[in-house]
Asks: 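Structure in structure tokens, see below.
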Amino acid sequence: MADDTETADTETAETEAADTEAADQETAEEAAPEVETAYGCPVTYSRGQKVIHPSRGEWLDVAVQLLADGWNMCVDVTSVDYLSYGVARELPAGVNAERFEVVASFISHSRAERIRVRIQVPGDDPTVGSLYALYPGSDYLEREVFDLMGISFEGHPDMSRILMPETWQGHPLRKDYEVGVIPVQFKAPAGKGSE
Amino acid sequence: MTLITNVQDQGLEGLDHNVITAPIEQLVNWARARSSWPATFGLACCAIEMMATGGSHYDLARLGMEVFRASPRQADVMIVAGRVSQKMAPVLRQIYDQMMEPKWVISMGVCASSGGMFNNYAIVQGVDQIVPVDVYAPGCPPGPETLLHAITTLHTKIETGELLQRRQETGAGANLTVEQLDGQGVSQVVQIGKKA
Amino acid sequence: MTAVEQAPVADTTDVAETIDPASGQLDKLPRRHSVLRMSEVRAAELMDSDPIDGENDQTMLMNMGPSHPSTHGVLRLMLELDGETVVRSKPVVGYLHTGMEKTAETLTFLQGPTNVTRMDYAAPLFNELVFSLATEELIGMEVPPRATWIRMLMCELNRISSHLLFMATNGMDLGAVSMMIYGWREREQVLRFFQKVTGLRMNHNYIRPGGVAADLPDGWRDDVLALMEMLPPRLEEYDILMTGQPIWRDRLQGVGVISQDEAIALSATGPILRSTGVAWDLRREMPYLAYPDVDFDIVVGSYGDSFDRYAIRLNEIRESMRIVHQCLDMMPEGDYRAGDAKVTPPPRARIDESMEALIHHFKIFTEGFKVPEGEVYVAVESPRGELGCYMVSDGGSHPYRMHIRGPSFVNLQTMPHMMADSLIADAVAVISSVDPILGEVDR
């Protein structure tokens, strides 16, 4: 943990460098000089990839803006359970870390760019607004998140399990769900058995 | 009928055509071994290799097995090719139950045989928990050579009638394991401890 | 397996109708009522029920799969039929769910490719590639140029073998069984080269973080050239056998049509999106590896039907061959994996001489290497579309979370829309032309 400060420094340096890059592209919305925002949400850069952090409440409004701004395809919706994440997450000021995170990726065909959205979802109330009406392509992806992570999407027409059997209990990708390893039994071949 | 009267009248001299006599059981087993139609039960990666075995190079038709039957009622051998998930397990058992006796099962690949590298909540750790297995083909996936080896092993056992007798006694599979034969043509023997 | 019900069933109404679509893309899906939403329990009940006497406008619920020869593995379709016409449909997946994303959390970054390569088993090298690229992005490392070019060469050959597999199964599904034999014949030749390079016909675990597992073997250039010589006349055979053939055209043209708006709204990628006329290929639009350095065309269709998707894949084989030829010309000399001692094991010869190298080798394979914390999304163009990998690391040697965005999984959503109001025989053509690989759908 001694080099925590070092990594933090390099991270901010990276972020600043990326900031200046992005400033060239985005002149439309300029807020406080320290925290870059886009669509009213704080922006960070993870390995040079643009990530915005809306709150759960403003998420669908942001999605409407994204669609209007030419992000015409929702390529991916997934989720992460940060229950046992050992280190502090790098989140912009004003965003409180919660147990779950829903991550959606968008693509703009006209600009050939990507943007990623990370929404904090508390563990005691794992719900978030559904993208279905805006981006119907998120249908299966949201069902997968519901199935494996147990986050339900409000407004989705069919919030049911997709990969696991319908009667399955629990959500396998949660960190408090066991991998389910069964110890391997070695069977001796016929005639060579010890018994 | 003339054959019978000829033999009655003239003894062995009366056999003016080629005739083979054999116990009916052996004839049936011979026929079974040479036209054991597989059920299409391709699940994952192994299914691709199973289809490759049916392709022109390896030519499963040589063994009378090119007719992959979509209906389990017309199939004799079930080649479980790939990992069996918890969701698929009841389906697999249903298809096995729909097959007519006598029937045999080849477990193709390590996932079907033991769960393979996927020891987790989703995968059944060995298809032998659901259906009796006669031959296990190792490999991930087993190449066509290994599958052919497993198939010929099964055929031999069918022809001798061994597998049928065993099934009558216990209802269990034969649990034979064949060796992996893939890439035998290119492998080299390396002696450990000696420099080349 | 069939029974009759009264249409429409109450519990399948589109709940989204109550949502105001506002400016959403839902409005761009005119056939969204063709999506059947019904639980398996409800479907089983309906299948057991008797037809209602005297009703003439009843539809039939039919189950297709999961063990069905034309559903490509273990896809299951719930079809609501009016006579022989598909009214609504629902793809039911999960019969091959392997828990790979969970398993990935227990494997180190070095073991990771072994796991992901079993997802899209028709194009295993792409899975390894996207996993390795995501890991390298998190570490922030560079791979040597030779590794990049080997990756490109192998991936394009893999694209060829994957599309050949499509040619075989597509032919088989539509009754052109001889096409299946031809497809396998050519694919076998490509696999033989893979076996020579990687040791395995499938599931290679060849592309790894930091480079590739081994250098190309002696004589690889001749092998690739032989392949490149073998393929063009065979592809012309396909053209004669299928492309210009009236039966083949009748079977595919105008079947499974999807519009550009629908494809985009449903997040379709790969040949499905390109068949509608969108020239979107990640190799060109968001280049990775050394794709900016090679010259190739993106094949697009104009009608968005099954025939376009067939023709796109056939011609993508030709484009891939162009790239392979350029890889042959431009393959640089050098190391096939990064010299970064933290990530790649020491060369075999060093282990015999140096104790440190042996310890290092041991540690890398038992503990793995550490990857700095962070999250990243990387995507490549697989034969089926955008194959993405979202990876979160907490600074340890195992991924904290690894998610694969499988193109087959997302593309499946287009199926009910393509099948709407078509015959059940055409539904088979649609399944085939979407070309889903169930290992990737269910992961």
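Every chain is numbered from 1, with letters handed out A, B, ... down the list of sequences. This is a predicted model, so every value here is computed, not measured.
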Asks: How far does OG1 of C:T106 sit from CG of B:N119, to the nearest 0.5 angstrom?
Replies: 9.0 Å
Asks: For B:D97, does the CG atom have more than 12 heavy-atom neighbours from other residues, nucleotides or ligands under 6.0 Å away?
Replies: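 Count over threshold, so yes.
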Asks: Side chain, backbone, both or neither: which part of B:Y58 has an atom under 4.5 Å from a heavy atom of chain C?
Replies: side chain
Asks: Where on C:R443 is there a heavy atom nearer than 4.5 Å to chain B: the side chain, the backbone, both, or neither?
Replies: neither
Asks: Is it the backbone or the side chain of C:I437 that comes under 4.5 Å from a heavy atom of chain B, or both, or neither?
Replies: neither
Asks: Which atoms of C:E40 come close to chain B, meaning under 4.5 Å heavy atom to heavy atom: side chain ones, backbone ones, both, or neither?
Replies: side chain
Asks: For C:N115, is it the side chain, the backbone, both or neither that has a heavy atom under 4.5 Å from a heavy atom of chain B?
Replies: both
Asks: If we ignore hydrogens and angles and just use 3.5 Å, is the side chain of C:K102 paired with the main-chain N or O of B:Y121 as donor and acceptor?
Replies: no
Asks: Between chain B and each of C:R118, C:R185, C:R187, C:E188, count heavy-atom pairs under 4.5 Å; write down the option with the most.
Replies: C:R118
Asks: For residues C:M202 and B:C45, report the shortest heavy-atom separation together with the two atoms involved.
Replies: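 Nearest heavy atoms, C:M202 then B:C45: CE-O, 3.5 Å.
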Asks: Counting only heavy atoms not in B:R73, do more than 12 fall under 6.0 Å of its CZ?
Replies: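 Incorrect, the count does not exceed 12.
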Asks: Looking at B:A39, B:S71, B:A81, B:P144, which makes the most heavy-atom pairs under 4.5 Å with chain C?
Replies: B:P144
Asks: Are any of the side-chain heavy atoms of C:D442 and B:S85 separated by less than 4.5 Å?
Replies: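 No, too far: nothing below the 4.5 Å cut-off.
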Asks: So, taking the atom named NE2 in B:H57 and the one named CH2 in C:W184, what distance separates them when rounded to the nearest 0.5 Å?
Replies: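 The CH2 atom of C:W184 is 13.5 Å from NE2 of B:H57, to the nearest 0.5 Å.
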Asks: Looking only at heavy atoms and a cut-off of under 4.5 Å, which of B:G55, B:A44, B:P141 has the most pairs with chain C?
Replies: B:A44
Asks: Report, as yes or no, whether the 6.0 Å neighbourhood of atom CD on B:Q129 holds more than 12 heavy atoms from other residues, nucleotides or ligands.
Replies: yes
Asks: Report the distance from atom CG of B:L43 to atom CG of C:L96, rounding to the nearest 0.5 Å.
Replies: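 Interatomic distance, B:L43 CG to C:L96 CG, rounded to 0.5 Å: 6.5 Å.
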Asks: Under 6.0 Å from the CD atom of B:E25, do we count more than 12 heavy atoms belonging to anything else shown?
Replies: no
Asks: Of all of B:A122, B:G42, B:G54, B:G82, which one pairs up most often with chain C through heavy atoms under 4.5 Å apart?
Replies: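 The answer is B:A122.
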Asks: Non-hydrogen atoms of chain B under 4.5 Å away: do they reach the side chain of C:V177, the backbone, both or neither?
Replies: neither
Asks: Around atom CH2 of B:W30, are there more than 12 heavy atoms of other residues, nucleotides or ligands at under 6.0 Å?
Replies: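 Open: at most 12 neighbouring heavy atoms sit under 6.0 Å from CH2 of B:W30.
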Asks: Need one label for C:T169: side chain, backbone, both or neither, based on atoms under 4.5 Å from any heavy atom in chain B.
Replies: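 For C:T169, the side chain is the part near chain B, not the backbone.
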Asks: Can the ring centres of C:H97 and B:F118 be said to be less than 6.0 Å apart?
Replies: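 Distance test on ring centres: not under 6.0 Å, no.
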Asks: Do B:R83 and C:T98 meet the criterion of a side-chain donor-acceptor pair at a distance under 3.5 Å?
Replies: yes
Asks: Counting only non-hydrogen atoms closer than 4.5 Å, does C:R201 touch chain B with its backbone (N, CA, C, O), its side chain (CB onward), both, or neither?
Replies: side chain
Asks: Nearest 0.5 Å, what's the CE-CE distance between C:M100 and B:M117?
Replies: 7.0 Å
Asks: So which residue, B:G143, B:A47, B:C140, ends up with the most heavy-atom pairs under 4.5 Å with chain C?
Replies: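 Highest number of pairs under 4.5 Å: B:C140.
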Asks: Sort out for me which of B:V84, B:I95, B:L92, B:N120 touches chain C most, counting heavy-atom pairs under 4.5 Å.
Replies: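 Heavy-atom pairs under 4.5 Å are most numerous for B:N120.
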